[in-house]
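See structure below.
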Amino acid sequence: MVNLSHLNPEQREAVTHTKGPLLILAGAGSGKTRVIVHRVAYLLEKGVDPEHILAVSFTNRAVREMEERVADMVNAPKLARKLTLSTFHSLGVKILRRNISNLGYPKKFAIYDQGDQLALVKRAMQNLRVSDKEFEPKQLLEEISNAKNRLESPEEQTDSLVREVYAGYQTAMKHCGAVDFDDLIYLPVVLLRDEPEVKEYWAGRYRYIMVDEYQDTNPSQFELVRLLADIHGNLCVVGDDDQSIYGWRGSDIENIRQFPKQFEGTKTIMLTQNYRCSGNILEAANLVIAESADRYPKRLWTESGDGQKINLTVVQNEEEEATSIVNKLHQLKFDKNLKWSDFSIMYRTNAQSRLFEEKLRGERIPYKLVGGQKFFERREVRDAVAYLRTLQRPEDELAVRRIINYPNRGIGPTTIERLNQYMERRGCTFYTACQQTDQNEDLSKAQQNTVDSFVELIEEYRKKIQSNPNFAEVFKEFLQEVRLTHHLYKEYDNLTEAKRRVENVDALLNGMFQYVEKFKDEGSLDDYLDRICLDQNDNKDEEEFQNSVTLITLHGSKGLEFPVVFIAGVEEGLMPYFRTSGWTMDLEEERRLCYVGITRAKQWLFLSYSMERRRFGQLEERSPSRFLDQIPGRLLRIVGAAGSASESTKEEKEQKISSFFSNIHSLLGDD
DNA sequence: GTTGCGTTTATTTTT
DNA sequence: TAAACGCAAC
């Protein structure tokens, strides 16, 4: 029996309203995941077949959390495993694995990441004889991505360059039998929209649909959800318009704003009781976001007391900011007996993290940096994965090209060019061209031989990897055969560097072994490759960071919470962020970002503002963020940083701080 | 290939 | 400031 007694009335209503469209406006810290999890359990209890339940979210982290909590709550692991709890993109993969042949792609399509995509954009540009100097391939890729997110085909593009590059890119992707992340939503939409039997299958399968973080959906995701849900209308979306911070990536806040208009008979429930932040913090957050236009008006409340005041620290420069934060952190940890993992330092731009890293390292405080270079983006890891992809499906042209001469085996640009020409003449795949060297008259005998032995190597291990379910073991043997480790040591004369890279490859192998171990017969190489494409953090060693301070961007912090939050650089220019030139900023979104940051804090919130900051090597005077204007003095404790290294004299410093205080005098007099 | 130098540019990035 | 990139020369 699902116990609903510890839910508040709104939460309970959200859980038990199972039929028809439902919009749950879940304020920050209002127990949204709890509602989703209870709702799933409630549906099961009402006898709904788990196969008919779908819950979608954006991140793997959110999905894992749902899975764990559902498993804890439902006393039937067999039932729970039949649920579809997935990210948008893995749902897309699921649909495509079943139905993509209708669109002329192979069932074992590859999923290309940004690096692969860029390579194909460049190739498309080359084919059109467009110099990649005149137009940034990155920018064109973004245009293509935006177009797909808006569900637009190449033909619909008004800009002729975008139209042609987009078309060429799509052709190249198809030639490789590959799709990109945007296609994982776009193509399922095409299938569901155009193929009645596809629609019938999936819409019939998922009869109770929940979407998490609905404010972040883009038009194609909206369409996917709509197509799945329009027949039965049992669509429950959960989100918070105040936390929409990904507009720049194509999410459309109007999806959540217009939901009641788009789905007739929508029931709207607001969850406004906050279980996370103490009173002062919550009030500040309420005041900051109240300024926002066109929002569902709501005011979060809490039963917990006022708690601590919000600390606003004024410092001279960013150096001092880092020092003061790290000092405060240290002090608080010991005074309040906290763990390192109770702390997080947040900032608007990744560049700000460096100073904090330095200071934390200096103090021997363990930290984890969220973001930064991703494991699967490292060159050596990409190379190793390209081998794996080649073994799985040599039609994956980019993968083959990546490793055909790595480590060096004497297949140089001339040979490649001649293979290219053969490929074009025959209209075959690149790998087929490699296999048919005997029919390629351009190739010298020596060239033929080197290519032949490459193909032999691949074919040998392809057979092995197909016949042995322990693909990790085969792959390990393969890497030894091509002497990748040996090559890495040769390639990098810096020994530490080489070691790091070897370690990364080992970590990849480790992950593979773990996967094979965990999934036994259920797993497969295909599934493993999907997994590493769709969950780039899968290989991260969580253990190592069990007890560390979290350094994270404000964007990255959404969905997290910490007893202690430091937000650095609460200044005009950083929050809101001013771009050096060109584009107009979305002030509303910047405000929401600030709101997201504030609402991460459970008990202590430290904001800091620096009077000067070096920007592009130039020292700049800074002024406090306009978002601070909404926080009245009674919620704040304003302090200048305790003395630390700084070139300016004490008098200068005090003068500056006092001028700052007069700047925000209105705040102090606001009580 | 790779090294080195001059040039350019400077958010946020769930998948 | 600094890192990332492109290009020329080895």
Side-chain angles (χ1 to χ4, degrees), chain A residues 56-65 86-93 111-114 117-118 131-133 136-138 141-142 145 148-149 179-186 212-218 220-221 239 243-251 318 346-355 370-374 376-377 405-408 410 412-413 487 490-493 530-538 552-560 569 573-586 589-590 592-594 596-597 613-620:
Chain A
V56 206
S57 192
F58 279 85
T59 67
N60 291 293
R61 200 188 65 218
V63 169
R64 271 194 290 270
E65 193 184 342
S86 97
T87 62
F88 264 104
H89 292 87
S90 44
L91 174 66
V93 170
I111 302 164
Y112 279 3
D113 64 15
Q114 214 194 342
Q117 290 178 273
L118 226 39
S131 149
D132 57 3
K133 294 234 187 80
E136 284 282 344
K138 263 228 175 75
L141 178 58
E142 212 174 294
S145 172
K148 287 184 183 181
N149 288 159
V179 303
D180 60 28
F181 283 124
D182 303 316
D183 288 332
L184 292 179
I185 313 297
Y186 182 78
D212 189 17
E213 303 281 16
Y214 191 70
Q215 76 282 353
D216 290 335
T217 49
N218 64 32
S220 65
Q221 288 157 340
Q243 292 184 67
S244 163
I245 55 174
Y246 283 107
W248 53 277
R249 281 193 95 214
S251 29
E318 58 261 65
M346 301 178 184
Y347 35 79
R348 177 64 225 265
T349 67
N350 284 119
Q352 288 167 263
S353 73
R354 238 192 55 192
L355 272 173
V370 181
Q373 215 200 3
K374 297 258 164 44
F376 286 99
E377 278 164 22
N405 199 33
Y406 180 84
N408 210 308
H487 183 78
K490 227 172 71 182
E491 196 174 16
Y492 299 95
D493 32 38
D530 278 354
R531 229 165 240 273
I532 62 174
C533 287
L534 295 175
D535 189 357
Q536 302 265 306
N537 290 321
D538 211 21
I552 196 167
T553 61
L554 288 164
H555 282 90
S557 75
K558 201 182 66 174
L560 303 176
L574 232 32
M575 284 181 71
Y577 188 86
F578 302 158
R579 248 178 97 123
T580 21
S581 64
W583 224 225
T584 49
M585 68 167 165
D586 185 341
E589 189 157 306
E590 295 288 318
R592 295 192 290 263
L593 188 58
C594 179
V596 166
R613 190 175 292 267
R614 208 166 266 288
R615 196 176 191 228
F616 311 145
Q618 210 83 49
L619 201 63
E620 281 178 9

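Just so we're clear, the structure is a prediction, and the values are computed from it rather than from any experiment.
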Partners meeting side chain to side chain contact (heavy atoms under 4.5 Å, CB included) with A:Asp530 (sequence neighbours left out): A:Val93, A:Arg97, A:Ile111

By ring pair (Phe, Tyr, Trp, His ring centres under 6.0 Å) - contacts of A:Phe181 (at least two apart): A:His89

Counting a pair only when it is Watson-Crick or G-U and both distances are under 3.5 Å, which runs of at least 3 such pairs involve DNA chain B? B:1-10 with C:1-10

Can you list everything that forms a ring pair (Phe, Tyr, Trp, His ring centres under 6.0 Å) with A:His487? Sequence neighbours excluded, please. A:Tyr406

Does OP1 or OP2 of B:dA10 have a side-chain N or O of A:Arg614 closer than 4.0 Å? no

Take nucleotides 4-9 of chain C nucleotide by nucleotide from the 5' end and write B, S or -, depending on whether a protein heavy atom sits under 4.0 Å from the base, only from the sugar-phosphate, or from neither. --SS--

Looking across every strand, which nucleic acid part, if any, lies under 4.0 Å from A:Asp182 by heavy atom: base, sugar-phosphate, or nothing? nothing

Stacking check A:Trp248 vs B:dT12 (5.5 Å / 30 deg): yes

Which whole-number value in Å describes the distance from A:Glu620 CD to B:dA10 C1'? 12 Å

For a quick check of understanding: with a heavy-atom distance under 4.0 Å over all strands, which category does A:Asp113 fall into, base, sugar-phosphate or nothing? nothing

Of all residues at least two apart in sequence or in a different chain, which pass the side chain to side chain donor-acceptor pair (under 3.5 Å) check with A:Arg615? none

May I ask you to say what A:Phe88 touches in the nucleic acid, namely base, sugar-phosphate or nothing, with a heavy-atom cut-off under 4.0 Å? nothing

Which residues share a salt bridge (Lys or Arg N to Asp or Glu O under 4.0 Å) with A:Arg61, sequence neighbours left out: none

Residues in side chain to side chain donor-acceptor pair (under 3.5 Å) contact with A:Gln117, at least two apart in sequence or another chain: A:Tyr169, A:Asp180

What is the nucleic acid contact for A:Arg592, judged by heavy atoms within less than 4.0 Å: base, sugar-phosphate only, or nothing? nothing

Taking only residues two or more places apart in sequence, or in another chain, which ones meet A:Phe58 in a ring pair (Phe, Tyr, Trp, His ring centres under 6.0 Å)? A:Phe88

